[in-house]
Amino acid sequence: MKKVFFLLFACSTSYAQQLAPLTVEKIMRDPKWIGVAPSRPYWSDDNKTLYFSWNPDKNPGDSLYFVTLTDRTPRKVSPAIRRSLPSPFGTFNAARTKKLFEKNGDLFLLDIPNGKTTQITNTLEREYNPSFSTDEGSVIFTAGMNLYTWNTHSGVFTQHTDFRKGSKKQDPKAGEQEKWLKADQLAHFEVLKERSANKKLSDKIKKADRPKRPREIYVDEKSVESVLLSPGMNFIVYRLSKSASPKNTIVPSYVTESGFTEDIPSRTKVGARQSPSELFVYDLGRDSVLQVMTDNIPGIFEAPAYKKDYPARTIRNDTLPAGKPAKEIKPEPRPVTFYGPIWSEDGKNNVIIINSLDNKDRWIMSLDLANQKLILLERQHDEAR
């Protein structure tokens, strides 16, 4: 690290010394007049080259420069080389000999010892969040709402989820008259009966010959978040949430190219209501999807402290059928948000963090994937919050 600071300091001071003596007027000048210090330094993946942004030539924007361990003279990276450089961000394998990274919406695999880069995807859709599987035989990534893997040995891509907006359309149900007419036709016309039997047999064969595809999962208008493949690659955990549609602050911009006042994108006010989330487990082996219920979480039905001063709500007698007594309204579990699960390095254990929307409770739990159950590890309760 000392070498890094020394190099950056040397690059900036060599130009700053030309502006001495320093005055208030010079300090208040535009940076392009006094020189811009190097910024955003990072090492190459083989730790032999230091890259940084710099603008000693007073250009409109910074350029990428580099120095090496053997050559301390800063040199500008050519556009062709800059475009071919790996991203400084990415995910490494356990031995840190390979690195996955995203660049321009596509995925790449860098072999660090020999410096070879393999492009994994080349599509119009953005692929992101790449990671290695536990055995490092596959690359796991997300595109759109869905989860994919790329086998590093065979090069085969596999789509593991098929999330779809909206709800599944149901086939229209036939009425009693239509059912009777169909049965009557099949009973009196042998040719129709034979056609129906042949069609059923043909459909059965086509279904058996059809390649296995991921299950269609309809999410209505909810957002799909944090789609994770388990270390054993036999379960997929994902979250669904529905935006609370908070009101955004309107910040006008008066100086615009169009000449009209425009709104600047802005955040919501502090304290805006968060959106609760739901956790689901997709069992690939059983081809089933089940929601992880929160009913068994300790304290999930506890009402805020101020509600203890009010009597339990009941259903009024005049709203019930005659002869039926009033009943207490069954309490519902508090809305929560999920984070995780986070797996251990060996893939045998996981931790999931659950926060109540009222910020009174945080539960540290483990998720039993096979049974879609939560196991409590620790509860952090703060009534004062």
Side-chain angles (χ1 to χ4, degrees), residues 91-94 129 131-135 140 142 147 160-161 219 222-244 246 268 270-286 288-310 312 328-385:
T91 304
F92 295 89
N93 64 346
N129 197 25
S131 64
F132 289 98
S133 61
T134 304
D135 61 0
I140 307 167
T142 306
L147 191 73
H160 295 277
T161 61
V219 299
K222 297 178 181 178
S223 299
V224 182
E225 303 172 346
S226 187
V227 186
L228 302 173
L229 186 61
S230 67
M233 301 181 71
N234 47 0
F235 294 96
I236 292 176
V237 183
Y238 63 93
R239 296 197 312 260
L240 293 182
S241 67
K242 189 173 183 179
S243 175
T268 59
V270 175
R273 181 177 177 82
Q274 290 181 300
S275 299
S277 58
E278 302 168 323
L279 192 69
F280 293 83
V281 175
Y282 176 16
D283 188 329
L284 297 175
R286 299 176 183 175
S288 62
V289 176
L290 289 176
Q291 182 177 356
V292 178
M293 306 306 294
T294 58
D295 300 36
N296 64 334
I297 299 179
I300 194 66
F301 291 100
E302 290 181 6
Y306 73 88
K307 287 192 175 182
K308 296 178 182 178
D309 298 329
Y310 296 86
E328 283 193 12
I329 296 176
K330 186 178 179 181
E332 296 182 356
R334 284 184 288 166
V336 296
T337 59
F338 295 88
Y339 177 76
I342 305 168
W343 275 279
S344 58
E345 291 186 1
D346 59 7
K348 295 181 179 180
N349 302 293
N350 68 70
V351 169
I352 188 166
I353 300 173
I354 305 175
N355 293 315
S356 61
L357 254 60
D358 57 17
N359 292 323
K360 302 294 183 183
D361 282 284
R362 170 176 291 174
W363 296 273
I364 314 298
M365 312 195 77
S366 178
L367 177 60
D368 180 355
L369 293 172
N371 299 302
Q372 292 83 41
K373 290 185 178 180
L374 295 167
I375 302 171
L376 180 65
L377 302 177
E378 180 184 350
R379 178 188 179 187
Q380 300 171 357
H381 178 72
D382 186 359
E383 186 62 47
R385 288 193 290 179

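Residues: numbered from 1 along the sequence shown. The figures here come from the full heavy-atom set of this structure, side chains too, leaving out hydrogens, waters and symmetry mates.
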Practice task
Without swapping roles, check the side chain of Trp363 against the backbone of Gly299 for a donor-acceptor pair under 3.5 Å.
Solution key: no
Handout entry: Side chains of Ser226 and Tyr238 in contact at under 4.5 Å (non-hydrogen atoms)
Key = no
Problem - Closest heavy-atom pair and its distance - Ser241, Pro276 - result: CB-O, 3.5 Å
Exercise for the section: Please confirm whether the backbone N or O of Asp361 pairs with a side-chain atom of Ser356, one donor and one acceptor, at under 3.5 Å? Expected result: yes
Completion exercise
Correct closest heavy-atom pair for Asp295 and Phe301 would be O-CE1, 3.5 Å
Handout entry: Glu378: side-chain contact (heavy atoms from CB on, under 4.5 Å) partners, not counting sequence neighbours
Key = Ile364, Gln380
Practice task
Would you check, one step at a time, whether the test side-chain contact (heavy atoms from CB on, under 4.5 Å) holds for Val289 with Thr161?
Solution key: CA-CA 11 Å; Val289 176; Thr161 61; over 6 Å; no
Practice task
Might you point out which heavy atoms bring Ile236 and His160 nearest each other, and give the distance in Å?
Solution key: CD1-CB, 3.6 Å
Problem - Side chain Arg334, main chain Glu302, donor-acceptor under 3.5 Å - result: yes
Completion exercise
Rounded to the nearest 0.5 Å, the CG atom of Leu374 sits from the CG atom of Asn296 at a distance of 6.0 Å
Exercise for the section: Answer yes or no: are there more than 12 heavy-atom neighbours, outside Arg286 itself, under 6.0 Å from its atom CZ? Expected result: no
Handout entry: Within-4.5 Å side-chain heavy-atom neighbours: Val224 and Leu147
Key = no
Exercise for the section: Determine whether more than 12 heavy atoms belonging to other residues, nucleotides or ligands lie under 6.0 Å from atom OH of Tyr339. Expected result: no
Fill in the blank from the handout: Rounding to 0.5 Å, atoms CE (Met365) and CD1 (Ile352) come to a distance of 9.0 Å
Problem - Donor-acceptor pair, side chain of Thr91 and main chain of Ser131, under 3.5 angstrom - result: no
Exercise for the section: Kindly compute the distance separating CG (Leu228) from CZ (Phe235), expressed to the nearest 0.5 Å. Expected result: 14.5 Å
Fill in the blank from the handout: CD1 of Ile300 to CD of Glu332, rounded to nearest 0.5 Å, is 11.5 Å
Completion exercise
Taken to the nearest 0.5 Å, the spacing of Leu367 CG from Ile342 CD1 works out to 12.5 Å
Practice task
Could I get the full list of side-chain contact (heavy atoms from CB on, under 4.5 Å) partners for Asn349, not counting sequence neighbours?
Solution key: Ser344
Problem - Side-chain heavy atoms of Tyr282 within contact of Val227, under 4.5 Å - result: no
Problem - Taking every non-hydrogen atom, the tightest pair across Ser133 and Met233 - result: CB-SD, 4.2 Å
Practice task
Please examine the side chains of Val237 and Leu369, heavy atoms only from C-beta on, and report whether any two atoms are closer than 4.5 Å.
Solution key: yes
Problem - Distance in Å, Arg379 CZ paired with Ile354 CD1, rounded so as to fall on 0.5 Å steps - result: 12.0 Å
Problem - Donor on one side chain, acceptor on other, Glu225 and Ser277, under 3.5 Å - result: no
Practice task
List the atom of Gln372, the atom of Val292, and the distance in Å for their closest heavy-atom pair.
Solution key: O-CG1, 4.0 Å
Practice task
Please tell me if the side chains of Leu357 and Thr337 come closer than 4.5 Å, counting only heavy atoms from C-beta onward.
Solution key: yes
Problem - Check: Phe132 and Ile140 side chains under 4.5 Å, non-hydrogen atoms - result: no
Completion exercise
Per side-chain contact (heavy atoms from CB on, under 4.5 Å), Pro231 is matched among Asn350, Thr134, Asp346, Asp135 by Thr134
